[in-house]
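Proteins come first, then strands; the chains are lettered A, B, ... in the order of their sequence lines, and each starts at number 1.
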Amino acid sequence: MDLTLYVWRQNGPEEKGKLEQYAAKNVSPDSSFLEMLDEVNNDLIENGIDPIEFDNDCREGICGTCGCVVNGIPHGPQEKTTACQLHMRQFSDGDSLTLEPWRAKAFPVVKDLVVDRTALDNIIESGGYTSAYTGEVGEANQTLISKPDSDYAMDAAECIGCGACVAACPNGSAMLFTSAKIAQMAVLPQGEIEAAERVQNMTEAMLNAGFGNCTNHYECEAACPKGVSVKFIAKTNREFVKALAK
Amino acid sequence: MQMLQSSIGRKLVMALTGLCLVGFVLVHLLGNSSVFIGADGINAYAEHLHALGPVVWIFRIVLLSLFGLHIFFGIQLTLENRAARPIDYNQKKNIRTSFGAETMIYTGLAILAFAVYHLFHFTVHATNPEISVGVLPLDAVGRHDVFTMMVLSFQKFFISAVYVGAMVTLLLHLSHGVQSLFQTLGVLGSKTLPVMEKIARAAAIVIFVGFISIPVSILLGLINL
Ligand code: HEM
Ligand code: SF4
Ligand code: FES
C-alpha cells in the first residue's frame, strides 16, 4: 500500500521545525510502523535527504524507547500498543499519517521525532528508591506480601516510562507515570519507610520539571501502551493526604 | 505550604472548595424551589434568611473565600498547564476526555461573570431597578416581595435567557467537576470511577433542570402574579 507521511522535521532543540511531506510506497501491511519508517529513510538517504530521526530500541514493546504521535494519538491508533508493535495493517492504502514528537515543555525535541525524556529520570531520582537492610541475608518469606498487593504493585510496575501519557495529556502532566512509580512502592512494605517523602518529592520534581497538573481528563490511561490505570493517580492522591497528616 | 504550593495540594483545595460550592448550589436550589409554593413560600424563605442577621454575613464571607480560593487556583493551575505545552500539536485526538473537562476554565469564568450579574440583579438591585426597586417594597403581610420581583424579572425573555445560558455553563462545569473532585480526593478506583462519571452527569443534569425550571415556568406562565 501507498501512504502519505507528514513528518515533523526539526534539526535541533533551538531550531524551528516544520511538517514535511514524504511518500511511503509499496508498504507491506505486515511490516511494523518502525520498519515502514526504516524503508522511508532508505528512500530519503538515496535521494540525499537527511533520514527521519526516531527513537527505538527493543522493538518488542518492552523498553519504552519508541514513540511518536501518529494522527493525534501517541503510539498510534491501536490500543495498548507501542509504536514498535504497531503494524501497518492498522492503516489502509492512501492514508495520510501525521507524525509529531511528544509535545511538552519538559520534553525538548532533540531532533525530528526524538525528545529528551531526562525529566522522567529526574522524577525517579527524587524518590524512586527504598531503604534496604544490609548485613545478613534475611529469612525467606520474612516479609509477607499478599497476592492482591503484589498484583497491584506489578500492574503499576508495567509502566515502561515511554512518556505517552505526557504526550496525550491536555495539560502535559506526567501524573500517570509519576503515580505508577509512587503506587508500586506505596503498596509494598519495603516502600513504607520513605512513603511520605516519596509522594511529596516525586510530585514536586514533576512540577519543577515543567510538567502540568492533572485535571482528570484520563487521556493518559487511554494512550498508555501498558494500560496503566488512573486508579494509581487516586492512590497517589491518598498517599499525599497521608503524608500531610504526618 | 504543601497544600498551597504543591501540585496535588492545590488540586485538593480545588476539590474541597468545589465540593462546598456544589453543596451551596444544592441548598440554594432547594431554597429557590419554594417559589413553586407561591409568594408565601419564597417570601417566607427570604424573610427567614434575613432574620439570621450576622449569620448571613458569616455565611457570605465563607462562601466568598471558597469562591476566591477556587477561582485563584483554577486560574493558576490552568496557566501552568498551558505553559506545560508551549508548542501545540498540528493534530491531536482526544479519546477519553469530555467537552466539559476541556472547557472548565471557560465555564468557570462564565459562572463567575454570571454570579456578579446575579448579585447585581437580585441582591444589589442595580440592574432592572424598575422591577426590583419599583415593586420590591412589601407584600400583603409586610415581607420583602421576592416573589413579585422574580416573576416580573423572568417574564422578560432576556433575563431568563441569561439565567438559562448560565446554567448551561454550570451543567458543563459540574458534569466534569463532580467526578473529578472525587478522583482528586482519592476515593475512586477502577470500578467506582465509571459509576461516578455517570453520577456526576446525572447530578449536573438534575441541578440544571432544577434551576432552569423556575425561569422556564415563569416564561410559560405556569407561575403568575
Ligand atoms: C458555583 C460555582 C462553582 C462550582 C459549584 C464549581 C465546582 C467545581 C468542582 C466540583 C470542580 C472539580 C474539582 C476537582 O477537579 O477536583 C471544579 C474545578 C474547577 N473549577 Fe469550578 N466551580 C464553580 C465555580 C468556578 C469558577 C467561578 C471558576 C473560575 C475560574 C472555576 C474554575 C474551575 C477550574 C479551572 C477547575 C479545574 C478543572 C479541573 O480540575 O478539571 N470554577 N469546580
Ligand atoms: S504510564 Fe503508560 S504511557 Fe505513561 S510512561 Fe508509563 S507506560 Fe508510558
Ligand atoms: S522500541 Fe522498545 S518499546 Fe518500542
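Screening A:R9, A:E20, A:E100 for a side-chain contact (heavy atoms from CB on, under 4.5 Å) involving A:D112 leaves a single residue, A:R9.
Using a 4.0 Å cut-off between a side-chain N of Lys or Arg and a carboxylate O of Asp or Glu, A:D55 and A:R117 qualify as a salt bridge.
Taking B:K92, B:E80, B:E102, B:M14 one by one and counting their heavy-atom pairs under 4.5 Å with chain A, the maximum is reached by B:K92. In terms of non-hydrogen atom pairs under 4.5 Å with chain A, the most contact-rich of B:M104, B:H176, B:R82 is B:H176. The most heavy-atom pairs under 4.5 Å with chain B, out of A:T215, A:T98, A:T236, come from A:T215. The candidate with the highest count of non-hydrogen atom pairs below 4.5 Å against chain B, out of A:A167, A:P101, A:G17, is A:A167. In terms of heavy-atom pairs under 4.5 angstrom with chain A, the leader among B:L77, B:L188, B:N90 is B:N90. Among A:M175, A:Q200, A:E204, the residue with the largest count of heavy-atom pairs under 4.5 Å with chain B is A:Q200.
In this structure, CE in A:M206 is found 8.0 Å from OG in A:S179, a value given to the nearest 0.5 Å.
Ring centroid separation for the pair A:F177 and A:F232 does not come in under the 6.0 Å cut-off.
Only the side chain of B:L193 comes within contact range of chain A, with at least one heavy atom under 4.5 Å from a heavy atom of that chain. Heavy atoms of B:R10 lying under 4.5 Å from chain A belong exclusively to its side chain. Contacts of A:Y218 with chain B are made by both backbone and side-chain atoms, with heavy-atom separations under 4.5 Å. For a residue to count as touching a neighbouring chain, one of its non-hydrogen atoms must lie under 4.5 Å from one of that chain's; by this rule A:C214 touches chain B with the backbone only. If you measure heavy-atom distances from A:V230 to chain B, the contacts under 4.5 Å come from both the backbone and the side chain. Contact annotation for B:E197: only side-chain heavy atoms (C-beta onward) come within less than 4.5 Å of a heavy atom of chain A. Residue A:E239 does not touch chain B at all, counting heavy-atom pairs closer than 4.5 Å.
Across A:S126 and A:N201, no two heavy atoms sit closer than the pair O-CB, 3.3 Å.
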Practice problem: Report the C-alpha distance between B:Q179 and A:N216 in whole Å, list the side-chain angles of each, state the deciding distance to 0.1 Å, and finish with yes or no for side chain to side chain donor-acceptor pair (under 3.5 Å). | Solution: CA-CA 9 Å; B:Q179 63 82 20; A:N216 305 321; 5.8 Å; no
Quiz item: Going through the checks in order, is the side-chain contact (heavy atoms from CB on, under 4.5 Å) test met by A:C68 and A:W8?
Solution: CA-CA 10 Å; A:C68 65; A:W8 185 261; over 6 Å; no
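Of the possible donor and acceptor atoms, none in the side chain of B:T184 sits under 3.5 Å from a partner among the backbone N and O of B:L12.
Ring geometry, B:H118 versus B:F114: the interplanar angle falls under 30°, so the pair is classed parallel (tilted spans 30 to 60°).
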